[in-house]
*Asks:* 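Dropping a structure here in structure tokens format, bear with me for questions.
Chain identifiers are assigned alphabetically (A, B, ...) following the order of the sequence lines, protein sequences preceding nucleic acid strands; residue numbering begins at 1 within each chain. Because only heavy atoms are used, hydrogens play no part in the values below, and waters and symmetry mates are left out as well, while side chains stay in.
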Amino acid sequence: MAAPMLRWCCLGRRWVLACIDGGSRHGRGAAIGFTSSRKRGQSSVAQQPLITAQKSRKGEHKWAAVVGLEIHAQISSNSKLFSGSQVHFAAPPNSLVSFFDASLPGTLPVLNRRCVEAAVMTGLALSCRINKKSLFDRKHYFYADLPAGYQITQQRLPIAVNGSLAYSVCAGKKPSQVITKTVRIKQIQLEQDSGKSLHDELRSQTLIDLNRAGVGLLEVVLEPDMSCGEEAATAVRELQLILQALGTSQANMAEGQLRVDANISVHHPGEPLGVRTEVKNLNSARFLAKAIDSEIERQIHELENGREILNETRSFDYKLGCTMPMRDKEGKQDYRFMPEPNLPPLLLYDTASLPPGADPQQVINIDWIRERLPELPSETREKLVQQYGMLPEHSFALLNEVGLLEFFQNVIKETRAEPKKVTSWVLNIFLGFLKQQNLAVNESPVTPTALAELLSLLDRKAISSSAAKQVFEELWRSKGKTPSQIVSEKRLELMQDEEALERVCHAVMEGHPQVVMDVKRGNSRAINKLIGLVRKATLSRADPTVIKEILEKKLSS
Amino acid sequence: MVSAALKQGQITPTELYQKCLSLIKKTKFLNAYITVSEDVALKQAEDSEKRYKKGHSLGDLDGIPIAVKDNFSTSGIETTCASNMLKGYVPPYNATVVQKLLDQGAILMGKTNLDEFAMGSGSTDGVFGPVKNPWSYSKQYREKRKQKPHGEKEDSNWLITGGSSGGSAAAVAAFTCFAALGSDTGGSTRNPAAHCGVVGFKPSYGLVSRHGLIPLVNSMDVPGILTRCVDDAALVLGVLAGHDPKDSTTVQDPVKPFTLPTLTDVSKLCIGIPKVTLPFYYFTEMLSS
């Protein structure tokens, strides 16, 4: 997965106002704009129209796109939001359904404390104001996977409002030019998930699985402060990391624990906002940016050809690479919102307002939760940069892969090698091997201890760096061997005997007087030839830097 | 009184059960019951009898026949709300109030008739037909009817029970059970109680659990109690009242069972009447005087 830092890919596309590269709109638009998608190995279908449009309308008004997001994150809890049935992924169909989830007459909702705590934690982490009193409402609509005919949500007064989410963006080509952007968070609310419908086209039927019905969701509403797909994807990625760090949601898009709906419109800067469309059920991190960008391009294309944008709901067709209108949305829905009569207002307290003698099991203290918030990703990254002197983009990369940070920290613990060396090895070589074989960190055949030992050997100059790479390859291939074992097996130890090395250098110098003359005449590159010869003579078991030192000493004498 | 008799062994639970069951059968024309749970009740009566024999009665309600309005969920017993929509629906769980009564050893004689989904105040609009007021068959009423001109069918000369808990009120008034559960949203327990000459009690909202009560108006419904005397109602309330974790709208404060003090002198009694219940002209008269 790409690190949550975006290259300013919106540059060069006509439709972004901040034209840092003013004169490069023509051909570069295609190159930069689709760099990231090329990296992912996909070609963008919409590339063609954009280029021809660029060529024919040079002096045209620029377009600005406006993207808002509604993100639904499944709360990581043992039981559902309003009933006691369990929450498990991929359980047998309809095996985790309580009477209330099936909406049997007479059953009533009972609020899950853990879900409220998760909402408060998330609100605090996103700098929201936590509403000490929040209310529950019913949102009515008819669908087979919603047995009650309504969803319990928080429309009037949600649990948290007015926060912000910061994410980092790369401006320009240099990776060190990192800009922090923020997107405002309108609100966070608690609501129920619906069941799952499985459409069986073959038998013309729909099968309903209620395992998911009633699971707690956090709906995080992001204001339309984003301007392209990459920004949206980066913001979502950062939110994912925050939720995972808090433990409030596993936020795994592949398992449906994080779902994103996008509201997209385009307009000319300075003019009022355009008609927006909603793109629903973006369930893949990979396609999130692509879907949003393709919708933006579709809207621009429609408007430039004199047509209008309909305020409609669309879904993203992965195969076609563009958005399509959703079939069963007819007209505007009247959700008949009404207060949920079976749930009293949710009251939260802080230390100042806590009623005396209150049962701690029955009340939630916001201050108590705030004190126990775990470290957020931005803090962790800051610490890494401070503590190990690594570049910010390295800290992003470390946090971006599940388990990588822990791996890194374990290696650091067990080796005396420099942190910068460890960082480089973990991010380049280790991660490279993982990606090549499509493995997760916890599936790695190389343990932190093994890598630590290897790096210690390297640090002690017991082996050369090229030898170290060979050892690493061997570690990857064959389990159970330690680096030291491999080094001795393959006889990769660096020559430690300086005297012997000096003799070899002397022999090489004697054997190649012409080269020696070249060096003495001032040809600095000739020394590399000598180094190479010495290395060959020592079967690559000598440290090139030491060889160079010895040779230089000899040559100068 | 009857619980004292049970305790002293003057009558056994199964005998009491048989008496009530035969009365139910005799008064079938009242249409008070939708479902009569004969076999279930017999088993409960037998269990109660065993407890009494060992001297381990569960309390004052042990062995007492009761009836439950058909909008309360009863596990394994059809619950229809007098509607075709729930015909054949057998819930897998007991309403909290039903469970509390059963835990005290009460005998569930059956589910009583009502207005469909408790929408009504006559108990005339259920799909199983109207409930007839037992007082329709009293001597006084029959005499009154004789004086009226004929031409009306004999069948249609009956009085309504009021509603929507008409079946429960009729069941209690006809002596087929000692207490019955109704529900009250806009008078549905008190109304039929008045019509049938029994005690109808509506607890304050939040005092008694609604879990298992199929709702009419979630923010106003309460389970109601119908009995033949006020002390009985107090006894049943003592069993039913209290916080239920399954119902978030019940009050958290602890509730203790109580007995009513015996009142011999009402001269010093102070009774509050909400002004809104007074007819308009009384109110203006009071103002002018």
*Asks:* Take a 6.0 Å sphere around CE of A:Met338 and say whether it holds more than 12 heavy atoms from other residues, nucleotides or ligands.
*Replies:*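 Buried by this count: over 12 neighbours within 6.0 Å.
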
*Asks:* Which one, B:Ser219, B:Pro91, B:Gly212, leads in non-hydrogen pairs under 4.5 Å with chain A?
*Replies:*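 Top option by heavy-atom pairs under 4.5 Å: B:Gly212.
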
*Asks:* Checking A:Pro109 against chain B: side chain, backbone, both or neither under 4.5 Å from a heavy atom?
*Replies:*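 The answer is the backbone of A:Pro109.
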
*Asks:* Check step by step if side chain to side chain contact (heavy atoms under 4.5 Å, CB included) holds for A:Leu108 and B:Arg210.
*Replies:* CA-CA 8 Å; A:Leu108 298 169; B:Arg210 282 183 303 116; 4.1 Å; yes

*Asks:* Kindly give the heavy-atom pair with the smallest separation between B:His211 and A:Thr107, and that separation in Å.
*Replies:*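 Closest pair (atom of B:His211, atom of A:Thr107, distance): CD2-CA, 4.4 Å.
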
*Asks:* Examine whether an atom of A:Glu340 lies under 4.5 Å from a heavy atom of chain B, and if so say whether it belongs to the side chain, the backbone or both; otherwise answer neither.
*Replies:*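 When you check distances to chain B, no heavy atom of A:Glu340 falls under 4.5 Å.
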
*Asks:* Count the heavy atoms of every other residue, nucleotide or ligand shown that sit under 6.0 Å from CG of B:Asp103, and state whether that count exceeds 12.
*Replies:*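 Correct, the count exceeds 12.
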
*Asks:* Any chance CZ of A:Arg336 has more than 12 other-residue heavy atoms, nucleotides or ligands included, within less than 6.0 Å?
*Replies:*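 Yes, because the 6.0 Å sphere around CZ of A:Arg336 holds more than 12 heavy atoms from other groups.
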
*Asks:* Under 4.5 Å, counting heavy-atom pairs only, tell me which of B:Thr249, B:Asn218, B:Val217 racks up the most with chain A.
*Replies:*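 Looking at each option in turn, the highest pair count goes to B:Asn218.
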
*Asks:* What are the two closest heavy atoms between B:Tyr89 and A:Pro105, and how far apart are they?
*Replies:*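 In this case the closest contact between B:Tyr89 and A:Pro105 is OH-CD, 3.4 Å.
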
*Asks:* To the closest 0.5 Å, what do you measure between NZ (B:Lys246) and CZ (A:Phe100)?
*Replies:*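 One finds 14.0 Å between NZ of B:Lys246 and CZ of A:Phe100.
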
*Asks:* Can you spot which of A:Val110, A:Leu111, A:Asn342 makes a side chain to side chain contact (heavy atoms under 4.5 Å, CB included) with B:Ser248?
*Replies:*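 Single pass found, and it is A:Val110.
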
